[in-house]
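Side chains included, hydrogens not; waters and symmetry mates left out as well; all remaining heavy atoms used. Chain A is the first sequence line, chain B the second, and so forth, proteins listed ahead of strands; every chain is numbered from 1.
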Protein chains: 2
Amino acid sequence: MATKTRENPVAVESDSVTRESILLGAARLFRHHGYAATTLREVADAAGIKAGSIYYHFESKEQILAEVLDKGILSVIEAVRQRVEALPPDAKARDKLAAAIEGHLWGLLHHGDFTSANIRIYGQIPLAAKNRHRKIRREYADYWDALLDEALRRGELRPDIGTTISRLFVIGALNWTVEWYNPQKGSFEDFVKQITTIVFDGTFVKE
Amino acid sequence: MATKTRENPVAVESDSVTRESILLGAARLFRHHGYAATTLREVADAAGIKAGSIYYHFESKEQILAEVLDKGILSVIEAVRQRVEALPPDAKARDKLAAAIEGHLWGLLHHGDFTSANIRIYGQIPLAAKNRHRKIRREYADYWDALLDEALRRGELRPDIGTTISRLFVIGALNWTVEWYNPQKGSFEDFVKQITTIVFDGTFVKE
DNA sequence: GTCTATACCTCGATAGAC
DNA sequence: GTCTATCGAGGTATAGAC
């Protein structure tokens, strides 16, 4: 991930170890206590420094929030894109969506502090932070809508359910798994398989 | 809802208008800003009184939190029980679960500030508050597990997916609808029908 | 039952030494 | 690059008048 704060011509690197450590600690604290309840003294503590030192790396608490939110959604987007684009363009919609689901779950669950923080606190952050983050969320939603529209055109998706409601329901359901997924109760692969089955074919047996 | 703070023999009524107004305002503020970020001055403002006056009705901010959380989940539990128990005991599992889904969505979406506050902030509240609220959550989960187990025994539910994972996935997905449901885009009945279809039979057409 | 006034605490952020 | 010290603002909660 390249920095946004400086624009050096060569080898951009504001990613010091301390900086990353601040972000990770902040993500974990935001996830479990919320944004407002998390103090910069706690964040500093988690990173092994004192509160004042944070301001060498970040301009404000809100800037930390912005980067935590971005890291969360970008983890997911990157994993999804990677898997979907590995398929041939004419692959079946079912296979593309399965790849998207697997990618979404992988990014979500392998960066749990960032993704859970994003999901949990997005509805509660200052309006300015929300506005800044809205665009990337919109882009990710559009990506899914395109996948679902394609599936609908090919006759693979139920025509009696709108693609918008499908997308909202499915992404919401997937996102919430970060609240209850337990890696000790079976492999990630099995988990993905079960979730994908429910999303595609439901919980009931076919008649 | 009867009060918990007093135990009068007859006609328990600590539910003054002001008290209810404080709870509703607090629920809305908790929902949109989180628990820690919400100040008692704001809660008082929403109720049309001054901050100090809150302490005539509540012992502390945490007591307000506890009552908001309870109201949220109890709205849902009551609606679900009502609908399921209106069916004959030998009704098909599919019908019982449809009733449970409809009840869950009804309670959830008709008390949005309380239910959304509950869902959004549960992961972020002080540990003491979490411990106090855990029991009722467990009871509601057990209720669903019993419904799903019955459906499985009757051969209506997919045997290749555990009832625990089904319950976690379905309740999580239903809960998240409070974040995006828009009553202006179609009737509640249609909404329930579409959600129920996805949960039972999935998003794809049957082969 | 609600008010005003205030005690006491902790927050985000800044300044300047090292 | 991190520290200590501190500012001003705003938090929960309490006390006592009305």
Starting from the 5' end of DNA chain C, give me the residue, B/Ala51 or A/Leu40, whose nearest nucleotide shows up first. B/Ala51
For the rings on A/Tyr35 and B/His33, is their centre-to-centre separation under 6.0 Å? no
Below 6.0 angstrom between ring centroids: does that apply to B/Phe191 and B/Trp180? yes
Whether [X] contacts [N] is assessed here as follows: a side-chain N or O lying under 4.0 Å from the phosphate OP1 or OP2. Is that the case?
X: A/Thr18; N: D/dG1; value: no
X: B/Thr39; N: D/dG10; value: no
X: A/Ser53; N: D/dG1; value: no
X: A/Tyr55; N: C/dA13; value: yes

Taking [atom1] from [X] and [atom2] from [N], how many angstroms apart are they, rounded to a whole number?
X: B/Tyr56; N: D/dA15; atom1: OH; atom2: P; result: 17 Å
X: A/Ile22; N: C/dA13; atom1: CD1; atom2: P; result: 13 Å
X: A/Glu59; N: C/dT14; atom1: CD; atom2: P; result: 9 Å
X: A/Ile54; N: C/dA13; atom1: CD1; atom2: P; result: 10 Å
X: B/Asp45; N: D/dG10; atom1: CG; atom2: C1'; result: 15 Å
X: B/Gln63; N: D/dA13; atom1: CD; atom2: P; result: 11 Å

What pairs with A/Glu62 under side chain to side chain donor-acceptor pair (under 3.5 Å), at least two apart in sequence or on another chain? A/Arg132
Which listed nucleotide (C/dC3, D/dT2, C/dT2) is nearest to the side chain of B/Lys50? C/dC3
Would you indicate which nucleotide in D/dT12, D/dG1, C/dT2 comes nearest to any side-chain atom of B/Lys61? D/dT12
Determine yes or no for a side-chain-to-main-chain donor-acceptor pair under 3.5 angstrom, with A/Ser116 supplying the side chain and A/Arg31 the backbone. no
Within a radius of less than 6.0 Å around CD of A/Glu78, do more than 12 heavy atoms belonging to other residues, nucleotides or ligands occur? no
Is any side-chain N or O of B/Arg41 under 3.5 Å from a base N or O of D/dG10, one able to act as donor and the other as acceptor? no
